[in-house]
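Working notes, structure below.
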Amino acid sequence: MKVKMSIFNGKDGFAKDKDKYIKENRLESLDDEVLESIKDIAVAEKLTGAYPTFTSNDTKALFHELRMIKQQNWITIKQNQEIINQLKRLNKS
């Protein structure tokens, strides 16, 4: 009997994809709560095909701009996480 892998039936067939996405974007240092949201993004990209085939140069340019903005967002998220971590350490002192 073949087990259907899905995020909807209690089995997470995307676990490897989620972990790979986190590593590729160097996001391992984020809080677990933030990582769970990012893992949802990884699944959404996997389901929608994050790297579609384009026929026009304009569409290709827009896609690459979106990828660049996404990377900038990851940098901002990581910087915010570091600020939060430092504030927590200072608050404990």
Side-chain angles (χ1 to χ4, degrees):
M1 180 174 161
K2 190 174 182 180
V3 176
K4 185 177 179 182
M5 298 299 279
S6 166
I7 58 174
F8 304 111
N9 67 4
K11 305 271 188 206
D12 190 348
F14 296 103
K16 288 181 183 176
D17 295 312
K18 291 176 183 180
D19 294 338
K20 180 180 175 187
Y21 189 87
I22 297 296
K23 287 179 183 175
E24 284 177 349
N25 291 289
R26 297 180 300 279
L27 302 170
E28 300 92 344
S29 64
L30 298 178
D31 283 347
D32 290 339
E33 189 176 294
V34 175
L35 286 175
E36 286 307 311
S37 295
I38 292 170
K39 287 178 180 181
D40 290 341
I41 294 168
V43 171
E45 285 189 3
K46 181 77 172 176
L47 292 173
T48 59
Y51 303 102
T53 304
F54 301 111
T55 55
S56 78
N57 287 335
D58 291 341
T59 306
K60 288 178 189 176
L62 287 172
F63 178 76
H64 291 295
E65 286 289 322
L66 178 60
R67 285 184 64 204
M68 196 166 45
I69 291 169
K70 192 181 339 178
Q71 290 300 318
Q72 290 170 344
N73 285 341
W74 294 143
I75 291 167
T76 302
I77 289 168
K78 287 192 279 186
Q79 289 171 335
N80 287 343
Q81 183 68 57
E82 184 57 32
I83 291 168
I84 290 167
N85 292 343
Q86 288 182 19
L87 288 171
K88 285 179 181 178
R89 277 185 238 129
L90 286 172
N91 204 15
K92 287 181 182 179
S93 302

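One finds the CG atom of L62 at 11.0 Å from the CG atom of N57 (value rounded to the nearest 0.5 Å). With values rounded to the nearest 0.5 angstrom, K20 atom NZ is found 11.5 Å from K16 atom NZ. The line from CG of D31 to CD of E36 is 11.5 Å long, rounded to the nearest 0.5 Å. Rounding to the nearest 0.5 angstrom, the gap separating the NZ atom in K39 from the CD1 atom in I22 is 6.0 Å.
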Just distance, no hydrogens or angles: give the donor-acceptor pairs under 3.5 Å from side chains in residues 71-78, sequence neighbours left out.
{"residue": "Q71", "atom": "NE2", "partner": "N25", "partner atom": "OD1", "Å": "2.8"}
{"residue": "T76", "atom": "OG1", "partner": "Q72", "partner atom": "O", "Å": "3.1"}
{"residue": "K78", "atom": "NZ", "partner": "R26", "partner atom": "O", "Å": "3.1"}

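Across all their heavy atoms, K18 and A42 have their closest contact at CA-CB, 4.1 Å. Between L30 and L35, the closest heavy-atom pair is O-CD1, 3.4 Å.
The environment of CD in E33 is sparse: at most 12 heavy-atom neighbours from other residues, nucleotides or ligands sit within 6.0 Å.
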